[in-house]
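Single-structure report; data block below.
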Amino acid sequence: MKTAFLSASILVIGLATVTFGQAPNIETVLAQRLALEKKTVLEKGKRISKTGIALGEICDLSDPVAARVFRDYGAMWIGRSNVFAEFKQGINGDSIRFLANCVFDSEAEVSLYHSNVASKSLNAGGVQIQLQEAAMEALVEARKEAATLGLAITPRGGSIAATRTYDDTVRLWRSRFLPGLANWTAKGKISRRDAEAAKSLPIREQVARVLEWESRGYYFSTDFSKSILYSVAAPGASQHIFMVALDVEQFGNSKVRAVLARHGWFQTVKSDLPHFTYLGVEEKALPSLGLESVTVSGQKFWIPKL
C-alpha cells in the first residue's frame with residue numbers, strides 16, 4: 001500500500017499564485033500547497049520531520065492508471081474535505097499517517113480509510129447514505145434550501161449513490177467491463193484469446209488493458225460510445241470511496257444543480273451526469289484552484305486543468 005507519512009492534514013487548497021492573469025493548472029496548485037506540508041519519514045531508524053510533499057507521493061502520475069484517474073477524478077483533491085485519513089501509529093500513538101492513494105488496491109485499504117474519516121449518515125428519500133462530515137452538512141443545507149423552492153435532492157441508485165466500498169467499485173467495473181468485452185469480441189475487434197486473458201489480469205492491469213483498447217476506439221461505457229471511466233470508476237479510485245461524492249436523482253434540473261453549487265457541490269466527472277462532488281468552495285474560486293469548466297449535454301462540469 002502506497003502511503004505518505006504526514007504530520008498535518010491537508011484541508012483547503014489555497015489560491016495558487018497566478019502570473020499574468022493565467023489560471024493555474026491543478027498540478028501547480030497542488031504542488032504549491034504540498035510544498036508547505038510536513039511529513040514524517042524514517043531515516044536510520046529515527047523519525048525525522050520534513051517539509052514538502054511531492055505530488056508523486058499523493059498520486060504517481062508515471063503510472064498510466066493513476067495518471068488517468070487524476071485527470072478524470074482529480075477535482076476532489078482541491079476540495080474543502082480532507083481526503084486523507086488520519087490515524088495514530090506506534091506504541092504511544094505518537095505518529096500520524098495519512099493514506100495518500102489516488103487508487104486503492106484492496107478492500108482492506110478502503111476499510112482502513114473509512115474507519116479513520118469523520119463521517120455522518122442520513123436517510124434521504126428512504127435511502128441511507130454516508131458522507132464525510134463537511135460534505136454531509138453541506139448536503140443537508142442544500143436539501144433544506146431545495147425544499148423551500150419546492151425541489152427535492154435525493155440519491156440515485158440506492159445506498160451506493162454516496163459512499164462505496166472497494167468491492168462496490170469492482171462490481172460496478174465488471175458491469176461495464178464484461179459487456180464491453182463481449183461486444184468487441186463479437187465484432188472481431190478483440191480476439192477471444194485476448195479477452196480471456198484480460199479477464200484473468202489483476203485489476204490494476206485489467207484497467208490499463210481496457211484503457212489501451214479505448215485508445216483504439218473500443219469504448220467500454222454502457223453504449224460503447226465513451227470511456228468506461230465516464231460511466232464507472234476504476235476499482236479503488238472512485239470519488240465515492242473518498243466519501244465526497246453523491247449521485248443525484250434530480251441531476252437534470254438546472255435549479256437543483258444551482259442549489260447544490262451554492263453549497264459547494266459540483267459536477268466534476270465529465271459526462272457522468274448524475275455525479276456530484278463536494279468541493280466546499282464558491283464556484284467563482286474554482287478556476288484559481290486548477291479547475292476549468294466544460295459543458296456536456298447542457299450541464300457544466302469542473303474538471304482538472306492539466
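Numbering starts at 1 and runs along the sequence shown.
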Subject >> Sequence-distant partners of Tyr218, ring pair (Phe, Tyr, Trp, His ring centres under 6.0 Å), two or more places apart >> reply: Trp184
Subject >> Val294 with Phe276, same ILVMFWY side-chain cluster at under 4.5 Å >> reply: yes
Subject >> Evaluation steps, side-chain contact (heavy atoms from CB on, under 4.5 Å), between Arg257 and Phe251 >> reply: CA-CA 7 Å; Arg257 297 197 300 272; Phe251 67 91; 5.7 Å; no
Extract all donor-acceptor atom pairs below 3.5 Å that involve side chains of residues 279-287 and protein atoms in other chains or at least two apart in sequence.
unit_1, atom_1, unit_2, atom_2, d
Glu283, OE2, Lys300, NZ, 3.3
Glu283, OE2, Trp302, NE1, 3.0

Original post:
Is there a donor-acceptor contact under 3.5 Å linking the side chains of Thr277 and Thr268?
Top reply: yes
Original post:
Can you list the residues that meet the side-chain contact (heavy atoms from CB on, under 4.5 Å) rule with Ala142, with sequence neighbours excluded?
Top reply: Ile153, Val259, Leu260, His263
Original post:
Does Lys255 have any side chain to side chain donor-acceptor pair (under 3.5 Å) partners at least two apart in sequence or in another chain, and if so, which?
Top reply: none
Original post:
Are Thr185 and Arg192 linked by a side-chain donor-acceptor pair shorter than 3.5 Å?
Top reply: no
**OP:** Check whether the side chains of Ser221 and Arg176 place a donor and an acceptor atom closer than 3.5 Å, and report yes or no.
**Re:** no
**OP:** Under the salt bridge (Lys or Arg N to Asp or Glu O under 4.0 Å) rule, collect the residues that match up with Lys189, sequence neighbours excluded.
**Re:** none
Original post:
For the ring pair Tyr113 and Phe104, is the centre-to-centre distance below 6.0 Å?
Top reply: yes
Original post:
Does any N or O in the side chain of Gln132 come within less than 3.5 Å of the main-chain N or O of Phe242, such that one atom is a donor and the other an acceptor?
Top reply: yes
Original post:
Who are the side chain to side chain donor-acceptor pair (under 3.5 Å) partners of Asn25, not counting sequence neighbours?
Top reply: Thr28
Subject >> Sequence neighbours excluded - salt bridge (charged side-chain N to carboxylate O under 4.0 Å, His left out) pairs with any residue from residues 149-166 >> reply: Arg156-Glu249, Arg164-Asp247
Original post:
With no hydrogens and no angle check, do the side chains of Thr165 and Asp167 hold a donor and an acceptor under 3.5 Å apart?
Top reply: no
**OP:** With sequence neighbours excluded, give me every salt bridge (charged side-chain N to carboxylate O under 4.0 Å, His left out) pair touching residues 264-276.
**Re:** none
Original post:
Who passes salt bridge (Lys or Arg N to Asp or Glu O under 4.0 Å) against Arg216, sequence neighbours left out?
Top reply: Glu212
Original post:
Considering residues at least two apart in sequence or located in another chain, which fulfil the side-chain contact (heavy atoms from CB on, under 4.5 Å) criterion with Leu306?
Top reply: Ile26, Glu27, Phe70, Arg71, Pro304
Original post:
Would you find a donor on one side and an acceptor on the other, under 3.5 Å apart, between the side chain of Ser175 and the backbone of Leu172?
Top reply: yes
Original post:
Ignoring hydrogens and geometry, is there a side-chain-to-backbone donor-acceptor pair from Thr295 to Gly298 under 3.5 Å?
Top reply: no
Original post:
Short question: side chain of Ser297, backbone of Gln299 - any donor-acceptor pair under 3.5 Å?
Top reply: no
Original post:
Looking at residues at least two apart in the chain, or sitting in another chain, which of them share a side-chain contact (heavy atoms from CB on, under 4.5 Å) with Asp72?
Top reply: Arg68, Leu229, Tyr230
Distance-only check: which donor-acceptor pairs under 3.5 Å involve side-chain atoms of residues 119-128, not counting sequence neighbours?
unit_1, atom_1, unit_2, atom_2, d
Ser119, OG, Gln130, NE2, 2.8
Lys120, NZ, Glu137, OE2, 2.9
Asn123, OD1, Gly126, N, 3.0

